[in-house]
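Everything below concerns the one structure shown next.
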Protein chains: 2
Amino acid sequence: MRVVLLGTAAGGGFPQWNCSCGLCAEVRAGSSRLSPRTQSGVAVSADGERWFLLNASPDLRAQIESFPPLQARAKPARNSPIQGVLLTNADLDHTLGLMQLREGRQLRVHCSPAVRENLTGGFPMAALLDSFCGIQWLNAPENLMPLLCHDNSPSGLLYNSFFVPGKQPRYMQGKALSVHGHSVGYKIADERTGGRLVFVPDIAAIEPGLVPRLSDCNLLLFDGTFWSQHEMHERCGIDISAGQMGHIPVSGEGGSLKILAGLPAKNRIYIHINNTNPILLEDSPERAAVVAAGVQIGRDGMEFNL
Amino acid sequence: MRVVLLGTAAGGGFPQWNCSCGLCAEVRAGSSRLSPRTQSGVAVSADGERWFLLNASPDLRAQIESFPPLQARAKPARNSPIQGVLLTNADLDHTLGLMQLREGRQLRVHCSPAVRENLTGGFPMAALLDSFCGIQWLNAPENLMPLLCHDNSPSGLLYNSFFVPGKQPRYMQGKALSVHGHSVGYKIADERTGGRLVFVPDIAAIEPGLVPRLSDCNLLLFDGTFWSQHEMHERCGIDISAGQMGHIPVSGEGGSLKILAGLPAKNRIYIHINNTNPILLEDSPERAAVVAAGVQIGRDGMEFNL
């Protein structure tokens, strides 16, 4: 299975359009200690020809142009190797990219019932896209099942989803849903090689029952949004905590790094990194602490073969 | 007045993600005869400090990063020199960028009542953004009025809008509106220099009454979406005409070039150019015909001082 990190920043990207915090200012100035990052998204393929997107960021157009295997093939004039999109939640930074795929064939969108409800009753993407390509909704399965291509042929991949602690998208706050499960993670396995990816870009807490799920893979792509609970306040004067935004911080007693450090996956990678997070800085002590724990910091274009 | 063309392609951009027509394939291969283009949008400013966007394309994040005057100033940590957004219609390629500005202060969106209705009843951007920055709607005036900054101070610019023949956004088809005027053009004038821009990126026909409007400017930015009526069919096998998409073609007896050739503006520029349009190709006879008529082909980053 080929896995490529199309984008590794949290919502807003790095730099963020309206931010001049130390990190955003320095990356705009072309610092060698920082790399610009587009908003979080991943592409996977068993055969290198037929691809699935894991989330669809607002930067998707640029991400497709940065990675030739996702581009249209020579014939016919209009086509795409993208077979479907798997959503972990209905946040805007994970779903706006679907609107950019409107010129193509019907979209196959895999997600939880709650995410579908958000994208029907909150952000009516389903109705909007019905005037263009339309959406075929598929319930992300709880048990490992074949992930089918657009023509229903096998892709060579198996997948399942699992609920993780999360929060409603901000645009749905105050609206009651008929179902639970705002955020899911995915396991994706290659039928031939046995390679296994676990993808969890948004998670508010690591409950003990989740650790076996995070352990059963060669590659773990994990929520690295914030270094600490109160980073948004300290760096940008915005009074909202990591927890209130639905993310477990990397550092601290209850942070994710202590757990990731003990997991067996060969590659454990932080993704979905906010522009305020000091692990972005290549010579920061925070980054050094992550690396010392055997965990890596994702960057755009990073590729893995599982 | 400074005017910068942030993006000069029609919806989908150039290349378009799912297109491998001759032009898209050649620009991806890095041809020297073609330049990539992001989706249509313009920025204007009287003082070079405080800026207004004309339409907000899905590529807005990358466009801001490509043009430093639109980026956040040094302090406070979160800020933006963008004072407001003027919309010509409610098409997705002109409005999706508003969603990318959600992390900032309240958005001031200038548009016609019909566009506002599209973005309330069709694509409920107003409700979605209420959970973030919120939108303050301003009716684009029919007569020249001061264009105010976010704090209501004068910007040094005057503006007015005028209805042009257009069509409903595709996502609104079949829905009746209470008001007319899906598309408008804008005139923007510098109070100090008298420099005048007319901006018309989408227009289905040039009615005789419109010619005086198009004549009263130093810089005309005009709909160059299609070279010919049936280009989409010929190049991509898609059976829809320029007229059905709400655009007058450049060429032919009823085309825009014959009219633009006779207009007095020093700079007459085609913008909003579709990926199928042969004027994109620097050595095409179609481009030569445009240049021979005294009209230019817009490209991303082009700047004017009026």
Side-chain angles (χ1 to χ4, degrees), chain A residues 11-13 15-22 24-25 28 36 38-39 58-65 68 70-82 92-93 96-97 99-105 122-124 127-132 169-174 235-238 276, chain B residues 11-13 15-22 24-25 28 36 38-39 58-65 68 70-82 92-93 96-97 99-105 122-124 127-132 169-174 235-238 276:
Chain A
Q16 181 169 314
W17 70 281
N18 67 332
C19 193
S20 59
C21 74
C24 283
R28 278 204 189 95
T38 61
Q39 292 167 89
D59 296 321
L60 186 55
R61 183 177 171 262
Q63 291 169 340
I64 290 173
E65 292 311 321
L70 289 180
Q71 296 164 9
R73 304 295 182 245
K75 289 189 176 178
R78 294 280 167 100
N79 74 89
S80 169
I82 298 170
L92 293 174
D93 64 316
L96 274 171
M99 300 295 291
Q100 297 183 30
L101 302 179
R102 67 189 179 278
E103 298 99 348
R105 60 186 173 183
F123 189 158
L128 286 165
L129 287 176
D130 269 348
S131 314
F132 297 90
R170 196 157 145 181
Y171 61 80
M172 287 295 281
Q173 277 168 18
R235 302 239 168 193
C236 294
I238 297 171
T276 51
Chain B
Q16 180 169 315
W17 70 281
N18 68 331
C19 193
S20 59
C21 74
C24 284
R28 277 203 191 95
T38 60
Q39 292 167 87
D59 295 321
L60 185 55
R61 183 177 171 263
Q63 291 169 341
I64 290 173
E65 291 311 320
L70 290 180
Q71 296 164 9
R73 304 296 182 246
K75 288 187 178 181
R78 294 280 167 99
N79 74 89
S80 169
I82 298 169
L92 293 173
D93 64 318
L96 275 170
M99 301 294 292
Q100 297 182 30
L101 302 179
R102 67 188 179 279
E103 297 99 348
R105 60 186 173 183
F123 188 158
L128 287 165
L129 286 175
D130 270 348
S131 314
F132 298 89
R170 197 158 143 181
Y171 61 80
M172 288 294 282
Q173 276 168 20
R235 300 241 169 190
C236 294
I238 296 170
T276 50

Greatest number of non-hydrogen atom pairs under 4.5 angstrom with chain B, of A:P76, A:G11, A:A72, falls to A:A72

Counting heavy-atom pairs closer than 4.5 Å to chain B, which one of A:G237, A:S131, A:A74 comes out on top?
A:S131

Please look at [X] and chain A and tell me whether the side chain, the backbone, both or neither of the residue comes under 4.5 angstrom of a heavy atom of that chain.
X      : answer
B:D130 : neither
B:A62  : neither
B:L92  : both
B:I238 : side chain
B:R61  : side chain
B:P15  : both
B:R28  : side chain

A:S20 (side chain) donor-acceptor with B:R73 (main chain) under 3.5 angstrom:
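Such a contact is found between A:S20 side chain and B:R73 backbone.
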
Does one side chain, of A:W17 or B:E103, offer a donor that lies under 3.5 Å from an acceptor on the other?
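Yes, a side-chain donor-acceptor pair sits under 3.5 Å.
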
So how far is it from [X] [atom1] to [Y] [atom2], rounded to the nearest 0.5 Å?
X     : Y      : atom1 : atom2 : value
B:C21 : A:R78  : SG    : CZ    : 6.5 Å
A:N18 : B:R102 : CG    : CZ    : 10.5 Å
B:T38 : A:E65  : OG1   : CD    : 12.0 Å

Could you walk me through whether A:R170 and B:L128 pass the side-chain contact (heavy atoms from CB on, under 4.5 Å) test, one step at a time?
CA-CA 9 Å; A:R170 196 157 145 181; B:L128 287 165; over 6 Å; no

Bottom line for A:L96: the part with an atom under 4.5 Å from chain B's heavy atoms is side chain

Option that, when pairs with chain A are counted at under 4.5 Å, heavy atom only, ranks first among B:K75, B:M99, B:Q71, B:R105
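Of the candidates given, the most pairs with chain A belong to B:Q71.
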
Min side-chain heavy-atom separation B:P58-A:P58 under 4.5 Å
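A side-chain contact is absent here, since even the closest heavy-atom pair is not under 4.5 Å.
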
